[in-house]
Every structure is written in structure tokens, then in C-alpha cells.
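Shown next, in C-alpha cells, is the structure this report addresses.
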Amino acid sequence: MLATFFATLDAVIPLDPSVKASIGQLTQPLHVPRHTLLLQEGQVCRSLYFIGQGLVRAYRQQADGREITTWFAAEQELFTSGYSFISRAPSRETIEVLEDVTGFCISQQALTDLYEQHPVVDRLGRRLTEHYYFQLEELFASQITLSATERYERLISTAPGLLQRVSLGHIASYLGMTQETLSRIRARPIRPSGPTRSS
């Protein structure tokens, strides 16, 4: 599984064997059962995680008790509570393990040490932060510019397997709609994603 972890990093910035050896020495195995709260709102997130197998979600608790899902992470993905991890401030979200997770984690201090030892890891960290920011921007823009149906169609085109692994309630809150609206959309035929030819 460590090879998969390094393959994910290499896809962002190729790393020399010596750099990988340093990362491997500071990386800890991760085994977390489903339904575990890996991080709770108000705690400081002090680790960066990689999923070899499993699924997690992040959510924010509303004043009325509703949970608004903000993101999902699955196999071959890195995740953390970005705001808390970078600022070292209390997290604004909770991270819940939806399926048993195996993978790796690296502490904030270990990552800082790697930044100082290997400039390429510092560049890697900046690239990952940019990727995280772009994802949030894209999600925010879709909530404003796309209709409920378009948001659903975008999800099934970019992450089709998610629908078989996550409850409709979590999907609906992630897409910014009620579960009833999501059920109505799912009952309709899916529109073609591109132009059709006439014969």
C-alpha cells in the first residue's frame, strides 16, 4: 500500500528514492473502523491522511442539528481538515469514517520537518494545498451557478461509484438539496452529456 501512496504523490511531483525514504520513516500506518469520528468540530487537526482503502466524509453541524456534508474522500486520496491543519486553529468540521479505513497518516510536525529537509516536499505541499483550494472553489461555484439537477449530474459523471457507497441523505446535503428533491431527480431519466447526431 505504501507504493500506492507514493504513486499518488508522484502524480503531483515525482520524488527521488531518498525523499520517499524520508517520508516513509515519518509516515504512520492508519487503521480506523467505520463510524469513528476521526476529527470532531472544535479539535485541532494535526495530521494529513492517505486512504488506501475506505471512505470518509466531512460535515458541519448546523444550529438546527442538521449535518451539511462538505466533502468525501476515498481510495488513493489525501485528506485533512484544511483550515485547521494549516492555521492550527480548532476545526470547523467533523470528519467521519463511513467505511473501514486503512492507509497512512503523517503528523503536522513531521511534515514541517520534511519541508525543511527536502524543498521538493515543500513544493508538493503547496501543490496539494492549491488542489484542495481549487476543489472547494469548484464546489462553491457549482452551488451558485448550477441547478439541483445539474449538480447531481455533475456528481455522477465525476464520482459515479459514490452513489453506491453513501446514503442519500449525505449525498443530498453535499449537493445542497433535500433528500426528497434528490429522490425526484434520481427518478428522472438522465440527460445525454453531449450533442446527439441525427441519422
Side-chain angles (χ1 to χ4, degrees), residues 8 30-108 111 128-186:
T8 300
L30 181 69
H31 302 279
V32 187
R34 62 183 303 189
H35 304 313
T36 300
L37 297 182
L38 192 60
L39 177 76
Q40 295 190 55
E41 180 182 355
Q43 295 178 332
V44 177
C45 184
R46 302 189 186 278
S47 295
L48 175 69
Y49 302 93
F50 171 78
I51 301 179
Q53 185 68 40
L55 178 69
V56 304
R57 74 164 179 135
Y59 66 86
R60 296 192 180 195
Q61 191 90 33
Q62 302 295 88
D64 59 5
R66 289 183 303 124
E67 295 176 358
I68 305 299
T69 299
T70 50
W71 52 262
F72 297 98
E75 288 80 12
Q76 284 74 65
E77 289 188 313
L78 291 151
F79 74 92
T80 189
S81 180
Y83 167 79
S84 179
F85 186 76
I86 294 171
S87 68
R88 307 192 182 190
S91 175
R92 298 170 176 172
E93 60 191 0
T94 295
I95 300 178
E96 178 187 15
V97 177
L98 298 181
E99 298 174 0
D100 293 352
V101 165
T102 58
F104 300 97
C105 63
I106 186 167
S107 71
Q108 189 178 56
L111 192 58
L128 292 172
T129 301
E130 290 168 358
H131 176 71
Y132 183 84
Y133 173 78
F134 291 151
Q135 282 187 319
L136 291 179
E137 277 284 306
E138 196 169 302
L139 177 62
F140 178 72
S142 70
Q143 299 284 20
I144 295 175
T145 61
L146 301 182
S147 68
T149 299
E150 288 170 333
R151 293 198 299 274
Y152 172 72
E153 291 175 345
R154 179 175 176 272
L155 178 66
I156 63 175
S157 68
T158 57
L162 199 60
L163 296 171
Q164 284 72 52
R165 302 173 68 179
V166 178
S167 73
L168 286 184
H170 292 343
I171 293 289
S173 71
Y174 175 70
L175 294 175
M177 64 183 73
T178 65
Q179 192 168 333
E180 291 74 21
T181 297
L182 178 58
S183 295
R184 287 197 297 271
I185 292 172
R186 282 168 54 84

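When all heavy atoms of T145 and E150 are compared, the pair lying nearest together is O-OE1, 4.3 Å. Closest approach of L39 and S81 over heavy atoms only: CD2-CB, 3.5 Å. Across every non-hydrogen atom of A74 and E77, the tightest pair is N-OE1, 2.6 Å. When all heavy atoms are compared, the tightest approach of R46 to F85 is C-CE1, 3.9 Å. A pairwise comparison of heavy atoms in T70 and Y59 identifies OG1-N, 4.0 Å as the closest pair. The two residues L175 and R151 come nearest to each other via the heavy atoms O-NE, 2.6 Å.
Between V166 and R57, every side-chain heavy-atom pair lies at or beyond the 4.5 Å cut-off. Between H170 and F72 the shortest side-chain heavy-atom distance falls below 4.5 Å. The side-chain heavy atoms of V101 and T36, taken from C-beta on, include no pair separated by under 4.5 Å.
Side chains of R184 and T181: a donor-acceptor N/O pair is present below 3.5 angstrom, by distance only.
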After noting the C-alpha distance and the side-chain angles of F140 and L136, does the key distance pass the side chain to side chain contact (heavy atoms under 4.5 Å, CB included) rule? CA-CA 6 Å; F140 178 72; L136 291 179; over 6 Å; no
Quick one: do Y49 and V56 satisfy side chain to side chain contact (heavy atoms under 4.5 Å, CB included)? Show the steps, please. CA-CA 11 Å; Y49 302 93; V56 304; over 6 Å; no
Kindly indicate, with the supporting measurements, whether the criterion side chain to side chain contact (heavy atoms under 4.5 Å, CB included) is fulfilled by Q108 and V44. CA-CA 11 Å; Q108 189 178 56; V44 177; 5.7 Å; no
Can T94 and Q61 be said to form a side chain to side chain contact (heavy atoms under 4.5 Å, CB included), step by step? CA-CA 8 Å; T94 295; Q61 191 90 33; over 6 Å; no
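Of the inter-residue distances, the one linking S173 atom OG with E67 atom CD reads 8.0 Å to the nearest 0.5 angstrom. The distance from the CD1 atom of I171 to the CE atom of M177 is 10.0 Å, given to the nearest 0.5 Å. In this structure, Q43 CD and E93 CD are separated by 12.0 Å, a value rounded to the nearest 0.5 Å. For the atom pair CD1 of I86 and SG of C45, the computed distance is 10.5 Å after rounding to the nearest 0.5 Å. Separation of atoms CG (L139) and CH2 (W71) is listed at 12.5 Å; rounding is to 0.5 Å. With values rounded to the nearest 0.5 angstrom, L30 atom CG is found 8.5 Å from I51 atom CD1.
Taking the six-membered ring where the residue is Trp, F50 and F104 present parallel rings, their angle staying beneath 30° rather than reaching 60°.
Partners of E75 by side chain to side chain donor-acceptor pair (under 3.5 Å), not counting sequence neighbours, listed by chain and number: Q53, R165. For E130, there are no salt bridge (charged side-chain N to carboxylate O under 4.0 Å, His left out) partners, not counting sequence neighbours.
R92 forms a cation-pi arrangement with Y83, by the criterion of a distance under 6.0 Å to the ring centre and an angle within 45° of the ring axis.
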